[in-house]
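Just so we're on the same page: letters track the sequence lines, and every chain starts at 1. Note: hydrogens, waters and symmetry copies are ignored here, and every other heavy atom, side chains too, is used.
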Protein chains: 2
Amino acid sequence: MSDLLQRLRSRGWRLTSQRRVVAEVLDGDHVHLTADEVHLRAAARLPEISRATVYNTLGELVAIGEVLEVSTVGRAKRYDPNARRPHQHLMCSGCGMIRDVHPVGNALGDLPESERFGFAVGSVEITYRGLCPACA
Amino acid sequence: MSDLLQRLRSRGWRLTSQRRVVAEVLDGDHVHLTADEVHLRAAARLPEISRATVYNTLGELVAIGEVLEVSTVGRAKRYDPNARRPHQHLMCSGCGMIRDVHPVGNALGDLPESERFGFAVGSVEITYRGLCPACA
DNA sequence: TCCTACGATGGACTTCGTCCAAGTCAAGAA
DNA sequence: TTCTTGACTTGGACGAAGTCCATCGTAGGA
Ligand SMILES: [Mn+2]
Ligand SMILES: [Mn+2]
Ligand SMILES: [Zn+2]
Ligand SMILES: [Zn+2]
């Protein structure tokens, strides 16, 4: 994910080993880790990285739009590096596992003006819930 | 909401004053309260009701499908008594306010088999995010 | 190489929620 | 009506997730 690192550098971020490791951990498809999972994996590469730094870095990545926060019901937030391609989620009610699924239309356009109550609607989050094969 | 109380009675629930008050607090349209808000309002009518009982009762109402949990990003869960009519949410990113909106025949649960990854899909949660007129 | 502002650290703290042992009471039985 | 009993409630301890902050360390420009 040196692409991401490049973009961070061009935003004036210092490329610390901690940020590098967090970026590496977030690489891949169907990645939706909790902050603690990110910390665990980051610590495997850089043992002394702190929880606070992981939270700080994730928060910054979210703020600049490189990572999305996925909302959950009563579980820890999950962080999604797949922010460039719009997609939806399939979430297991048993174990919390998440898969990416891809929309067949413009979901935003599905909300007619008459249902917007004067809101400036900017995004839509769609989550399918069910049980994964392992939990069923 | 004596309808709800009737249904609870027919399920064998004891109709305690605490449960009555929680049910009363949840009555109305566009109601999406946090557990603490429910406790606050319930305590206005029944001062000694405990937080534990509010959590217990909300959990039971959710378990039997009378109330829905609305997921939020990093904020407290919200409880939605409008479980009988399927609907979606319009949430203000500024103040957290939630309005109910109703789908216009968009393919709600129509996640194609090829995108289900073997999951047993049971429901879908759709949340539009934006700024309400007051926050815009 | 040196400087220093930006970033990392760990531990205290907050918020949201769960758990539990002990006390209370709704509602059926007699 | 009173009795009985197990379902319900309670307060407080506990836990998980996340924030804050004083202090220390270092990336990267001069
Ligand atoms: Mn995703
Ligand atoms: Mn609702
Ligand atoms: Zn599962
Ligand atoms: Zn608002």
Proximal nucleotide (of C:dA8, D:dG28, D:dT19) relative to the A:Ser50 side chain:
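From the listed options, C:dA8 comes nearest.
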Just how far, in rounded Å, is [atom2] of [N] from [atom1] of [X]?
X       : N      : atom1 : atom2 : result
B:Leu8  : C:dA27 : CG    : P     : 12 Å
B:Ile49 : C:dC25 : CD1   : P     : 14 Å
A:Leu46 : C:dG7  : CG    : C1'   : 13 Å
B:Glu60 : D:dC8  : CD    : C1'   : 9 Å
B:Asp36 : C:dT15 : CG    : P     : 10 Å
B:His39 : D:dT9  : NE2   : C1'   : 12 Å
B:Trp13 : D:dA7  : CH2   : P     : 14 Å
B:Asn56 : C:dC16 : CG    : P     : 18 Å

Establish, from distance only, whether the side-chain atoms of [X] and [Y] form a donor-acceptor pair under 3.5 Å.
X        : Y       : result
A:His87  : A:His89 : yes
A:His39  : A:Arg51 : no
B:Gln18  : B:Thr57 : no
B:Asp100 : B:Asn82 : yes

At 4.0 Å (heavy atoms only), tell me whether A:Ala52 reaches a base, stays on the sugar-phosphate, or touches nothing.
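It contacts base atoms.
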So does [X] get a side-chain nitrogen or oxygen closer than 4.0 Å to the phosphate oxygens (OP1/OP2) of [N]?
X       : N      : result
B:Gln18 : C:dT24 : no
A:Thr16 : C:dA8  : yes
A:Tyr55 : D:dT19 : no
B:Arg51 : D:dT10 : no
B:Thr53 : D:dT10 : yes
A:Arg75 : D:dA17 : no

When you match A:Arg9 and B:Thr57 each to their closest nucleotide on DNA chain D, which lands nearer the 5' end?
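Looking at DNA chain D, the more 5' nearest nucleotide goes with B:Thr57.
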With nearest nucleotides of DNA chain C determined for B:Ala76 and A:Glu48 from heavy-atom distances, which residue corresponds to the more 5′ nucleotide?
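Taking each residue's closest nucleotide, the earlier one in sequence belongs to A:Glu48.
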By nearest nucleotide on DNA chain C, pick out whichever of B:Lys77 and B:Leu15 is the more 5' one.
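The residue closer to the strand's 5' end, by nearest nucleotide, is B:Lys77.
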Distance in Å, A:Leu4 CG paired with A:Asp27 CG, rounded so as to fall on 0.5 Å steps
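Separation between the atoms: 9.0 Å.
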Do A:Arg14 and C:dC6 share a donor-acceptor pair, side chain to base, under 3.5 Å?
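When only heavy-atom distances are counted, A:Arg14 does reach the base of C:dC6 through a donor-acceptor pair under 3.5 Å.
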